[in-house]
Amino acid sequence: MELSKDQTDSVSLAALAADAGVRLRAGQYDWLASSYGYALAYDRPIPDAIQQELQASLDELGATSLVKSDLPPRTSVAYFKPGESFLFAVATCELPTDASGSVQLELIVTIRDDRTYLCIEGISAQF
């Protein structure tokens, strides 16, 4: 997803991460794939890769599902040091499961040729 310059502040990135988390919780894998992509899909279709990574994270935690909630998920945003690489920021979203632990959705913000992009970077179990 290409971002405008006014979408790179911490409030905007946290809102994007929360929206992605809500959509992951709702099983909207096609929407996530078409909107954000997935950096670690490799040769798999992106919606399948997202679903498989979520299931692997749930399995690792001994969980069967993400907890349904009307509350927004917990998010965080961190920025990389300027000039170190094309990496600009990382936005994360924690989604509680029906077991102990949570699933973390990580979105990475990159800058290339003065254009800013947001992509799903990882889905992992958090103990």
Test log, rule side chain to side chain contact (heavy atoms under 4.5 Å, CB included), inputs L95 and L24: CA-CA 9 Å; L95 301 162; L24 182 64; 3.8 Å; yes
Verdict with reasoning, V103 to L58, per side chain to side chain contact (heavy atoms under 4.5 Å, CB included): CA-CA 7 Å; V103 170; L58 291 170; 4.1 Å; yes
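Residues S12 and D6 fail the side-chain proximity criterion, which asks for heavy atoms closer than 4.5 Å. Side-chain contact between R23 and Y29 is absent, with no heavy atoms from C-beta onward closer than 4.5 Å. At a threshold of 4.5 Å between non-hydrogen side-chain atoms, the residues L3 and V109 count as touching. Side-chain contact between I111 and F86 is absent, with no heavy atoms from C-beta onward closer than 4.5 Å. Using a 4.5 Å cut-off on side-chain heavy atoms (C-beta onward), D19 and Y36 make contact.
Side-chain contact annotation: E94 with S102, donor-acceptor N/O pair under 3.5 Å present. For the 3.5 Å distance criterion, the side chains of Q126 and S124 qualify, holding a donor opposite an acceptor. Side chains of T92 and S76: a donor-acceptor N/O pair is present below 3.5 angstrom, by distance only.
Close placement of the F88 and Y79 rings is indicated, their centers lying within 6.0 Å of each other.
Side chain of K5 to main chain of T116: no donor-acceptor pair is present (N/O by atom type, distance under 3.5 Å, no hydrogens or angles). Looking only at distances, a side-chain donor or acceptor of S35 sits under 3.5 Å from a matching main-chain atom of W31. A donor-acceptor pair under 3.5 Å links the side-chain atoms of Q7 to the main chain of S4, judged by distance alone. With hydrogens and angles ignored, the 3.5 Å screen pairs no side-chain donor or acceptor of D98 with any backbone N or O of A63. Using a distance-only test at 3.5 Å, with no hydrogens or angles considered, a donor-acceptor pair links the side chain of D9 to the main chain of V11.
Other residues, nucleotides and ligands contribute at most 12 non-hydrogen atoms within 6.0 Å of the NZ atom of K81.
Atom CE of residue M1 and atom CG of residue L107 lie 9.0 Å apart, to the nearest 0.5 angstrom.
Just one of I50, L32, D48 meets the side chain to side chain contact (heavy atoms under 4.5 Å, CB included) condition when paired with Y38; it is I50.
Note on R112 versus E2: no salt bridge recorded, every NZ/NE/NH1/NH2 to OD/OE distance being 4.0 Å or above.
Take E106 and apply the salt bridge (charged side-chain N to carboxylate O under 4.0 Å, His left out) test, not counting sequence neighbours, and it matches no residue.
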